[in-house]
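Written out below as structure tokens is the structure these notes cover.
As a basis for the values below, the full set of heavy atoms in this structure was taken, side chains included, without hydrogen atoms, waters or symmetry mates. Quick caveat: nothing in here was measured; it's all calculated off a predicted structure.
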Amino acid sequence: MNSLKGSEKAYYIEKYTIQSLFSFDISPFVQVFQFEKGDFIIQEGSAPEYLFYMVEGKAKLYVSHKNGKVSLINFLIPPIFMGEIELLNEEKYSKSIQTSSKCICLGIAIEKCKEKLLADAHFLKYLCIFLSNKSTAHSTKYTKHQAYPLENKLAEFILLSSHEDIYREKHTEISDYFGVSYRHLLHTFAQLSEAGMIEKIKMSYKILDREKLQALADEIK
């Protein structure tokens, strides 16, 4: 993690107009962080120091179970808040957020302006809309997982999780994410490869035909 300063910091704050989400001057409480791929934005079980607002990049949301198993819950794409529930409930963060590409996050120092945040009707209204949309998206994802074959869901997932047209996610993790067998997942990857949409390269896959993948993904929408 790298905290950006000076003109770099000013560039991102101005570009993503975070001030528009608040009725008070938020600039004294904002830092801009650059996370490299594989960095943890928030560690499971930690108490976040910042309310993060991711504006660039992609990240993965994980949860650990009592039996030691770790499950992928979702991919996070900007713009998105992280740590908002902990701001409202004063709890430790119950999940891990790890970057899957370089990410830029605006971080609001919670302890320095918590009272202002929780008294700001403009911000709280935005946060309520954000949480409502987040809940709807989770319900929609569950419905899609039930209604469509793996081919469509995997096409959508490859497009979402790939970086510079290279997909590198773990098969065991993704078969668990979709609730399918490892064999079924491999068979579906083979189908997409035979159709010329992707190509296996060592431990990863390269996207060959983005339009065909997108067409499969769009069937879900």
Side-chain angles (χ1 to χ4, degrees), residues 41-42 44 54-85 93-101 103 126-201 203-221:
I41 298 175
I42 299 178
E44 185 173 2
M54 185 167 70
V55 294
E56 291 184 8
K58 299 175 186 177
K60 295 184 282 190
L61 182 67
Y62 290 99
V63 64
S64 297
H65 305 285
K66 290 182 179 180
N67 62 3
K69 186 176 181 179
V70 178
S71 296
L72 173 66
I73 299 176
N74 205 3
F75 264 83
L76 306 179
I77 57 175
I80 188 170
F81 275 113
M82 296 171 288
E84 74 284 354
I85 301 299
Y93 202 81
S94 59
K95 302 174 183 67
S96 292
I97 299 179
Q98 184 179 28
T99 62
S100 54
S101 69
C103 291
Y126 179 88
L127 195 59
C128 285
I129 294 171
F130 168 79
L131 290 172
S132 175
N133 290 338
K134 187 177 179 180
S135 177
T136 301
H138 285 170
S139 299
T140 301
K141 186 186 79 169
Y142 176 79
T143 302
K144 289 192 297 186
H145 277 206
Q146 299 297 313
Y148 286 86
L150 182 58
E151 184 181 40
N152 298 93
K153 295 180 289 188
L154 186 57
E156 181 184 49
F157 187 82
I158 289 171
L159 290 170
L160 176 64
S161 59
S162 62
H163 179 60
E164 295 180 350
D165 283 344
I166 300 296
Y167 170 93
R168 290 192 176 93
E169 301 304 317
K170 297 177 182 177
H171 285 334
T172 50
E173 196 173 84
I174 305 310
S175 61
D176 181 57
Y177 174 73
F178 284 120
V180 300
S181 69
Y182 189 86
R183 182 178 180 181
H184 186 190
L185 182 68
L186 289 180
H187 177 69
T188 306
F189 268 107
Q191 285 180 311
L192 297 180
S193 296
E194 289 170 6
M197 300 182 202
I198 58 176
E199 178 185 14
K200 184 169 176 56
I201 304 174
M203 301 299 290
S204 61
Y205 287 87
K206 179 180 177 63
I207 295 176
L208 299 180
D209 195 325
R210 179 171 285 272
E211 289 186 5
K212 285 185 178 180
L213 279 177
Q214 189 65 59
L216 276 179
D218 286 345
E219 288 181 26
I220 298 178
K221 298 177 184 179

Side chain Asn152, main chain Leu216, donor-acceptor under 3.5 Å: yes
Flag side-chain contact, heavy atom, 4.5 Å: [X] against [Y]:
X: Asp165; Y: Arg210; result: yes
X: Leu160; Y: Ile77; result: yes
X: Tyr167; Y: Ile201; result: no
X: Val63; Y: Val70; result: no

Full working for side-chain contact (heavy atoms from CB on, under 4.5 Å) between Ile41 and Gln98: CA-CA 6 Å; Ile41 298 175; Gln98 184 179 28; over 6 Å; no
Roughly how far, to the nearest 0.5 Å, is the [atom2] atom of [Y] from the [atom1] atom of [X]?
X: Asp209; Y: Gln214; atom1: CG; atom2: CD; value: 11.0 Å
X: Lys58; Y: Cys103; atom1: NZ; atom2: SG; value: 10.0 Å
X: Leu154; Y: Ser175; atom1: CG; atom2: OG; value: 11.0 Å
X: Leu131; Y: Asn133; atom1: CG; atom2: CG; value: 9.0 Å
X: Lys60; Y: Ser161; atom1: NZ; atom2: OG; value: 8.0 Å
X: Gln191; Y: Leu186; atom1: CD; atom2: CG; value: 11.5 Å

NZ (Lys170) with more than 12 external heavy atoms under 6.0 Å: no
Atom NE2 of His187 with >12 non-hydrogen neighbours under 6.0 angstrom: no
Aromatic plane relationship, Tyr205 with His171 - under 30° parallel, 30 to 60° tilted, over 60° perpendicular: tilted
Aromatic ring pairing Phe157/Tyr177, orientation class (parallel under 30°, perpendicular over 60°, tilted between): tilted
Full working for side chain to side chain donor-acceptor pair (under 3.5 Å) between Glu44 and Ser64: CA-CA 8 Å; Glu44 185 173 2; Ser64 297; 2.8 Å; yes
[X] and [Y]: which non-hydrogen atoms are nearest, and at how many Å?
X: Phe75; Y: Ser100; value: CE2-OG, 3.6 Å
X: His163; Y: Ser101; value: ND1-CB, 3.8 Å
X: Leu208; Y: Gly196; value: CB-O, 3.5 Å
X: Leu213; Y: Ala155; value: O-CB, 3.6 Å
X: Ile80; Y: Leu76; value: CD1-CD2, 3.8 Å
X: Ile97; Y: Ala59; value: CG2-CB, 3.8 Å

Distance-only donor-acceptor check, side chains Tyr62 and Glu173, under 3.5 Å: yes
Between Glu151 and Thr188, a side-chain donor and acceptor under 3.5 Å: no
With Ile198, the side-chain contact (heavy atoms from CB on, under 4.5 Å) member among Ser204, Ser162, Ser193: Ser193
Evaluation steps, side-chain contact (heavy atoms from CB on, under 4.5 Å), between Ile158 and Phe189: CA-CA 10 Å; Ile158 289 171; Phe189 268 107; 3.9 Å; yes
side-chain contact (heavy atoms from CB on, under 4.5 Å) between Met54 and Met82, intermediate numbers included: CA-CA 8 Å; Met54 185 167 70; Met82 296 171 288; 3.6 Å; yes
Residues Glu156, Glu219; criterion side-chain contact (heavy atoms from CB on, under 4.5 Å); working and verdict: CA-CA 10 Å; Glu156 181 184 49; Glu219 288 181 26; over 6 Å; no
Lys206/Glu164 salt bridge by N-O under 4.0 Å criterion: no
